[in-house]
S.K.: 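The structure is given below, and queries will be raised subsequently.
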Protein chains: 2
Amino acid sequence: MQFPLALAIIEDQAAIRETLHDYLCAQPEFRCVLIVDSVEAFLQELPTAAGPPQLILSDIGLPGLTGIEGIPLIQELLPEAQVLMLSVYADAERVFEALRAGAVGYLLKHTPLAQLKEHLLQVAAGGSPMSPGVARFVVQAFQQQLVAPIAALPLEHLLAEPLTARELEVVRGIEDGLSYKLIAERHFVSIDTVRSHIRNVYRKLQVNSKAELLAQTLKRQRG
Amino acid sequence: MQFPLALAIIEDQAAIRETLHDYLCAQPEFRCVLIVDSVEAFLQELPTAAGPPQLILSDIGLPGLTGIEGIPLIQELLPEAQVLMLSVYADAERVFEALRAGAVGYLLKHTPLAQLKEHLLQVAAGGSPMSPGVARFVVQAFQQQLVAPIAALPLEHLLAEPLTARELEVVRGIEDGLSYKLIAERHFVSIDTVRSHIRNVYRKLQVNSKAELLAQTLKRQRG
DNA sequence: TGAAAAACCACACGTTCATGCGATAGCGCC
DNA sequence: GGCGCTATCGCATGAACGTGTGGTTTTTCA
């Protein structure tokens, strides 16, 4: 990570904007490239900025587009940029929306300037700073099992021994609730061939019955 | 929040345990009530502790039960206690598991003692401290839309004929990949009873095999 | 309190499944 | 060419499953 980091600020309240500007832009770690009062202004003035921002500190409650609505628009132009939200709102819903939209962190406005600086540096270092109460919302989402355990990704990637195309076909048949006989008919092969594939699938997935196979699939999908 | 906060520490490595003990227990904000080297020891010695801990700082990599496995056990005895994980592992999977198990925060072991103290206080204040990289994993889970927008709902509400408690139990057994025999053993009934329930479930759900039942469950879960 | 619902149990029969042992044929690749 | 992998197919056996019929006991609740 090389300093100074190109920083942009989106904040509509002039007083706060000035404070952030005065403090952050005076830091040697940052180089302010764009200070605006709305998402619209950001998008419009971006071409005239002193350079592409790497970090964007954005308010949520803005006139016109909200900070949350702005994230995807900004990321379209600046895929590398990381957006850190700075908000007075501390409700779970807004936090989730911001994170889902692509924000990498969420701070409350009462955060001291020195900490804000630290948090911006954490973002640049791959961190995701969140004010204490905000983080608790996020953690609770996990505890309420709202989050899938691990990327619900094609099982083949999780396996040492990948399944062949044929094997995947019969697995899909089983996931559709078909009997061996029907799977055989679906793919125009004999039932013994299906058995043969199943045998290999079971070995690779370490299961011993249709039920276990389906149970594993279920688990993978919900955790 | 009244000080001092009752703190317990679970850490198997003596050197680290001593360091934590020496530093944290010397702080006026904390009152160490139990310092142990395993989850098993924690559960066993809890009755003899100087009082019920409000905060529990636990390692993950422990001999016997892991810190993650210990969380639900601990929470059964101490529903009010908040568990903060302290780990050398920085992989997404372990972080998710810990949070899902009930941890309120997740710190890496290289965290400086002074920060660790701050983080413990944050926990007591309703925060969820996470080391920067750890928080990023969590945020990414949101960005990858792994968070369920709405809860996926119990099949019983979709049915004209609702399943009875017993019937749901055997369905869960099937979803866990168990055989009739194992389901029977799990609920201390005969295998013929299980058959009987299965029969009714199949009629209500309009399916004719385990595979179809599981397939239906799968469909329902992924929409 | 009395009937309905749920839970429990038993036996029997045919089907499907799991898994052992094969075998043949095509393909890519060194 | 020979080697390994995949796909195909066959057969046999025991276990698990699905479904029919018949019960009894316990719980629920109108």
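Lettering of chains follows the sequences in order, A, B, ..., and the numbering in each one begins at 1.
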S.K.: If you assign A/Lys181 and B/Arg195 each to the DNA chain C nucleotide with the nearest heavy atom, which residue ends up on the more 5' nucleotide?
M.R.: B/Arg195
S.K.: A/Arg166 near the nucleic acid: base, sugar-phosphate alone, or nothing, with a heavy-atom cut-off under 4.0 Å?
M.R.: sugar-phosphate
S.K.: Within a strict 4.5 Å, meaning less than it, do heavy atoms of the B/Lys117 and B/Glu29 side chains meet?
M.R.: yes
S.K.: Report which part of the nucleic acid A/Asn208 touches: base, sugar-phosphate, or nothing (heavy-atom distance under 4.0 Å, all strands).
M.R.: sugar-phosphate
S.K.: Just checking A/Ser209: base, sugar-phosphate only, or nothing, at a heavy-atom cut-off of under 4.0 Å?
M.R.: sugar-phosphate
S.K.: Indicate whether any N or O donor in one side chain lies under 3.5 Å from an N or O acceptor in the other, for A/Thr193 and A/Ser196.
M.R.: no
S.K.: From OH of A/Tyr202 over to C1' of C/dG20, roughly how many Å is that when rounded to an integer?
M.R.: 16 Å
S.K.: Which of the following nucleotides, C/dT19, D/dC17, C/dA10, is nearest to the side chain of A/Arg199?
M.R.: C/dT19
S.K.: When we call it a touch if two heavy atoms are under 4.0 Å apart, what does A/His197 touch: a base, just sugar-phosphate, or nothing?
M.R.: base
S.K.: What is the minimum heavy-atom distance between A/Ala135 and B/Met130, and which atoms define it?
M.R.: CB-CE, 4.1 Å
S.K.: Can you confirm whether B/Ile71 sits close enough to B/Met85 that some side-chain heavy atom of one is under 4.5 Å from a side-chain heavy atom of the other?
M.R.: yes
S.K.: Without decimals, in angstroms, what is the distance between A/Asn200 CG and D/dT6 P?
M.R.: 8 Å
S.K.: Which part of the nucleic acid does B/Thr193 contact within heavy-atom distance under 4.0 Å: base, sugar-phosphate only, or nothing?
M.R.: base
S.K.: Return the value, rounded to whole Å, for the distance between atom CG of B/Asp192 and atom C1' of C/dC11.
M.R.: 8 Å
S.K.: Report the distance from atom CG of A/Leu213 to atom C1' of C/dC17, rounded to the nearest whole Å.
M.R.: 13 Å
S.K.: Report the distance from atom CD1 of B/Ile191 to atom P of D/dA16, rounded to the nearest whole Å.
M.R.: 8 Å
S.K.: Grab the CD-P distance between B/Glu185 and D/dA16 for me, whole Å please.
M.R.: 11 Å
S.K.: Could you state the CG-P distance from B/Leu168 to C/dA6, rounded to the nearest angstrom?
M.R.: 12 Å
S.K.: With respect to the side chain of B/Ser196, which nucleotide from C/dA7, D/dT19, C/dC8 is positioned closest?
M.R.: C/dC8
S.K.: Grab the CD-P distance between B/Glu167 and C/dC8 for me, whole Å please.
M.R.: 11 Å
S.K.: Between D/dT19, C/dA7, C/dA10, which nucleotide gets closest to the side-chain atoms of B/Thr164?
M.R.: C/dA7
S.K.: Can you tell me if B/Glu69 has over 12 outside heavy atoms packed within less than 6.0 Å of its CD?
M.R.: yes
